[in-house]
Structures are given as C-alpha cells and as structure tokens.
Amino acid sequence: MDLLQEIENYIQEAKDLSVSSPEEVEQFRVRFLGKKGIIPALFGRFREVPPEQKREVGQSINTLKNLVQERVTELKSALRSTSSGHSYPDLTLPGDPWLTGSRHPISTVRNEIISIFSRIGFTVSEGPEIEDDQHVFSKLNFPPDHPARDMQDTFFIEKESAADSRNDVLLRTHTSSVQVRVMEKQQPPIRTISPGRVFRNEAISARAHCIFHQIEGLYIDTDVSFAQLKQTLFYFAREFFGPKVNTRFRPSFFPFTEPSAEMDVTCQICGGKGCNVCKYTGWLEILGCGMVDPNVLEYNGIDNEKYTGFAFGMGIERIAMLKYQVNDLRLYFENDLRFLEQFATDLW
Ligand code: PHE
C-alpha cells in the first residue's frame, strides 16, 4: 500500500476512536506513540521515501502524531468528567444557589381570605374587569345621579351622555358586578365570594390608588338574617386576625344594601388601646356590608318575597396593610424585588 494512504488510514482511525476506560486510552497511546509504536516506525520508514515525496509524507506523519497526542489528552479529560470515569467532581465547591420565588403579599392575603370563606361553603366566582353600566351600577340600585357614575370617580371606556348611561362601558369600580352576573345565571341558594381587581379614578398616594383588589361576598337563601351576617363576619375576623380580635358594626349606606353597615376590628397595631393609626379609637374599619336591597334581588330576577340575602365587600390591600403593617399602598404595585423578597417565607 502506498505510504501516504497508510498514514491517511491511521489518521481516520485516530479520529474515529471512542473509548470507555482509561486503560483503552493508554493502549491507544502505546500503539501509536510507544517506542515500538506506529509513529516511530513511520519515522523509521521515512528514510526510504524518495526525495520528491519527503515533504508530503513528513507533513502527514506530523499531522498524525499531533492528532494522536490531542486525542489522548481529550479522551482522558472526557473520561474524567463523566461518571463512568473514576474521579468525582470537587464536592467541597459551594453549591449553585436555587432561587425560589415568593407569593405577592396581595395573593397571599387573597388566598387566605378565600380559604376562610370556602370552609363555610362559599365558592369563588370571577367576572370581567371591563364592565357595563348595568352590572356595575344600574342592577345594583345606583340612582341615575349617583356620584360614582361621574367621570371623576370612574374610568369610562365609552360614555354616552350624563342623561343616558345605559350603554356605558367602564372599568368596574367594585366586584359587586360579579355578584350581579351570578344572580343573573343562578337561583338561590347562592353563597359566593368574588375576588378581583377594581379601578377608581383616584390620585395615587400612600393611602389611595387607582387600582386595587377586593373580595366581595354574597349569600342569598330563604331566611337569611342580619344576625347571620354579623356572625359570618365575626368568624372571618377571628380566623384572619386571631382569637383576640373583636368586631363592631356601625350604620352606613350603600345603594345595594339596606340596612347597611361598616365593620371595624380591634386595631391591630395597638391592640385596642388607641394609637395614631386608629386615631386613638382602638378600632379600624375593614369592610362594608348589609342586607341585599330587595330592589337588587328584583332587578336580577330573584323573588324578593321568598328570598333575603347579605353582602359584604373588603379591600385586600387594606387587610394586607394591617397584616404586614406596610402603610404605603404604592409598595404593593411597584414590584420592587427588595419589597417582595421579604415575603419569601409566605409560600402559601
Ligand atoms: N361594593 C362596596 C364597595 O366597593 C362594598 C360593599 C359590598 C358594601 C357589599 C356592602 C355590601 O365599597
């Protein structure tokens, strides 16, 4: 065989070689580079090569030699880094940190509130954020001249005229709109809570935001009473804030409930003794509630002779502020990791 062809075959063999143990690498090395190996033998035969071929053959032998050396180093290190090799990675190296995320505090509080109400039979209902006048105002007994129907309070997407609001499209200002949607579709008994984002045309400050979250509840059945409303919300307050909390109800007004009330809980900062957060009253307002106005039942196709109901609604940020004692609302919306990382243990 032509010497050049022979060298070419060795080059191919060296390129194709694959091994599974260090012993095989050593065999390969000795076969080519050992004293009696292929490469010294080729150099031996070099003397017989006619002068006009010396240059080409010499280059070929060198290529083969370099290739074999490279392959030996390469195969050795490949074996070292696989588990079939006999060495191990450096177990004393520090590990790669595993970054865990955390729940947003608003999600944590929302989930906790949902869990408390689902334990007494409330289901979760959701609805659209872009709503119409019917679901946000009209079917909830808002009079035509109510200030919430004003551009100053509500974000309108399409507004007809001050005189005719029937076709207005707007961002919902409360999740009571979801309860209207539930009543439209379902006859009592209804026992549902509606968590979600709501929008109000407010200047952003530490205490107000144009976006926030609510959870509203609705219970309709035969013989639903104000006493049941109070007991349900008392249960909620104790589950959420702990067994020492007290509640009180103050008369209030909402177009969709009659009678209406606001519920206060013992101030979570001072425990009821009086501090600047509760303005020295010992109480903090956390929600609005009341008996569903019979008009609302009627507008939504529910027999108001047969059924009564109660409703309540609370702001999630407000509850979160009490739980975490973070008193600037804006922090809940900025997504600053330094803020969010503080809640990393709340993996609820
Ligand atoms: N929808 C009211 C609000 O947004 C809260 C509320 C709900 C009050 C149900 C009473 C009954 O402020």
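As the structure is a prediction and not an experimental result, all values here were calculated from the model. In each ligand, atom 1 is the first atom listed, and ligand 1 is the first ligand listed. Quick note: numbers below take in every heavy atom, side chains included, and nothing from hydrogens, waters or symmetry partners. Nothing fancy with the numbering, it's 1 onward along the sequence.
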Taking NZ, NE, NH1 and NH2 as the nitrogens, is one of them in Arg149 or Asp133 under 4.0 Å from a carboxylate oxygen of the other?
yes

Using the ring of each side chain (for Trp, its six-membered ring), is Tyr332 parallel, tilted or perpendicular to Phe339, with breaks at 30° and 60°?
perpendicular

Tell me whether Arg200 is salt-bridged to Asp153, with the criterion being a basic N under 4.0 Å from an acidic carboxylate O.
no

Within a 6.0 Å radius of atom CZ on Arg47, are there more than 12 heavy atoms belonging to other residues, nucleotides or ligands?
no

Are Phe234 and Leu284 linked, directly or through other ILVMFWY residues, by side chains that come within less than 4.5 angstrom of each other?
no

Distances only, to 0.1 Å: what are the N or O pairs between ligand 1 and the protein that fall under 3.5 Å?
residue	atom	partner	partner atom	Å
ligand 1	1 (N)	His174	ND1	3.0
ligand 1	1 (N)	Ser176	OG	3.2
ligand 1	1 (N)	Glu216	OE2	2.8
ligand 1	4 (O)	Arg200	NH2	2.9
ligand 1	4 (O)	Gln214	NE2	2.9

In terms of relative ring orientation, are Phe236 and Phe117 parallel, tilted or perpendicular, with 30° and 60° separating the classes?
parallel

